[in-house]
Amino acid sequence: MAKVELTPLRPWDDFFPGSDRFAKPDVRDLPKWNNRVVNNLLYYQTNYLAMAVLVFLIVGFLNPMEMFMGMAVVSLVFLGSVWAGENKAMIKDFKRQNPTLFVMAVMLASYFLMSLFDGVMVFIFGITFPLLLIFAHASFRLRNMKNKLENKMEGAGLKKSPIGILLDALGQQEESLQKIQEFLEGKLKEG
């Protein structure tokens with residue numbers, strides 16, 4: 001197994017080039033859209049992390065206690081969902097069949113718990129606003145050749161990154177790994 005390494009910070013002109021490298025995703029082809037989002041998350045993860053930390057720090061300075069409470073609740077809900085997804089067969093099947101709904105359910109559970117603690121606005125701006133920015137960029141940013149090559153290396157297990165581990169935990173990379181395994185098995189049978 002490859003060691004975990006953070007991808008390099010991509011240059012601004014790669015991360016946010018001219019409008020010719022952005023396109024509206026085809027919402028009728030959800031697997032293709034999901035593939036674009038997952039691959040962009042893997043490729044630009046350090047840029048996304050920097051953007052999220054910047055927004056997080058700004059909101060944290062404005063409301064430190066509410067931000068801490070939001071972090072605690074979201075962390076507990078996420079860890080609980082990962083545990084349940086691995087140890088409860090019904091939830092594991094749901095996560096595998098409906099990965100997007102599973103992630104949305106985790107976010108809604110976090111929102112519900114935060115509303116009990118009156119930290120909804122801080123939660124929305126401090127945690128979900130960076131997620132919204134990341135999702136929007138990952139959805140609209142077209143992939144380039146370097147992006148595709150890096151993602152193939154990640155999928156084949158030659159590289160491992162923090163976002164790759166997170167996506168594995170959410171069940172978002174299993175399909176890619178199955179395709180690679182089927183391809184390799186086909187090549188072995190031919191040879």
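Values below: every heavy atom of this structure, side chains too, minus hydrogens, waters and symmetry copies.
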Practice item. State, with a plain yes or no, whether a side-chain heavy atom of Phe94 is found less than 4.5 Å away from one of Leu101. Key: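 Of all side-chain heavy-atom pairs linking Leu101 with Phe94, at least one is under 4.5 Å.
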Review point. Any side-chain heavy atom of Phe56 within less than 4.5 Å of one from Pro130?
Key: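 Not touching, per the 4.5 Å side-chain cut-off.
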To the nearest 0.5 Å, what is the distance between [atom1] ([X]) and [atom2] ([Y])?
X      : Y      : atom1 : atom2 : result
Leu76  : Trp83  : CG    : CH2   : 14.0 Å
Lys88  : Asp93  : NZ    : CG    : 13.5 Å
Leu57  : Leu62  : CG    : CG    : 11.0 Å
Phe135 : Leu132 : CZ    : CG    : 9.0 Å

Is [X] linked to [Y] within one hydrophobic cluster, defined over Ile, Leu, Val, Met, Phe, Trp and Tyr using a side-chain heavy-atom separation of less than 4.5 Å?
X      : Y     : result
Val53  : Leu9  : no
Phe140 : Trp12 : yes
Leu133 : Tyr43 : yes
Phe22  : Tyr44 : yes
Ile134 : Leu49 : no

Review point. For Ala138 and Asn40, which heavy atoms make the closest approach, and how far apart are they?
Key: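 Of all heavy-atom pairs spanning Ala138 and Asn40, the closest is O-ND2, 2.9 Å.
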Exercise for review: Keeping to residues at least two apart or across chains, list the salt bridge (charged side-chain N to carboxylate O under 4.0 Å, His left out) pairs with something in residues 27-49.
Suggested key: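 Qualifying pairs: Asp26-Arg28.
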**Study point:** Whether Asn47 side chain and Arg10 backbone form a donor-acceptor pair below 3.5 Å
**Key:**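 Yes, the answer is positive, given that a donor and an acceptor are paired below the 3.5 Å cut-off.
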Review point. Do His137 and Tyr48 meet the criterion of a side-chain donor-acceptor pair at a distance under 3.5 Å?
Key: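 Looking only at side-chain atoms, Tyr48 and His137 do form a donor-acceptor pair, the distance falling under 3.5 Å.
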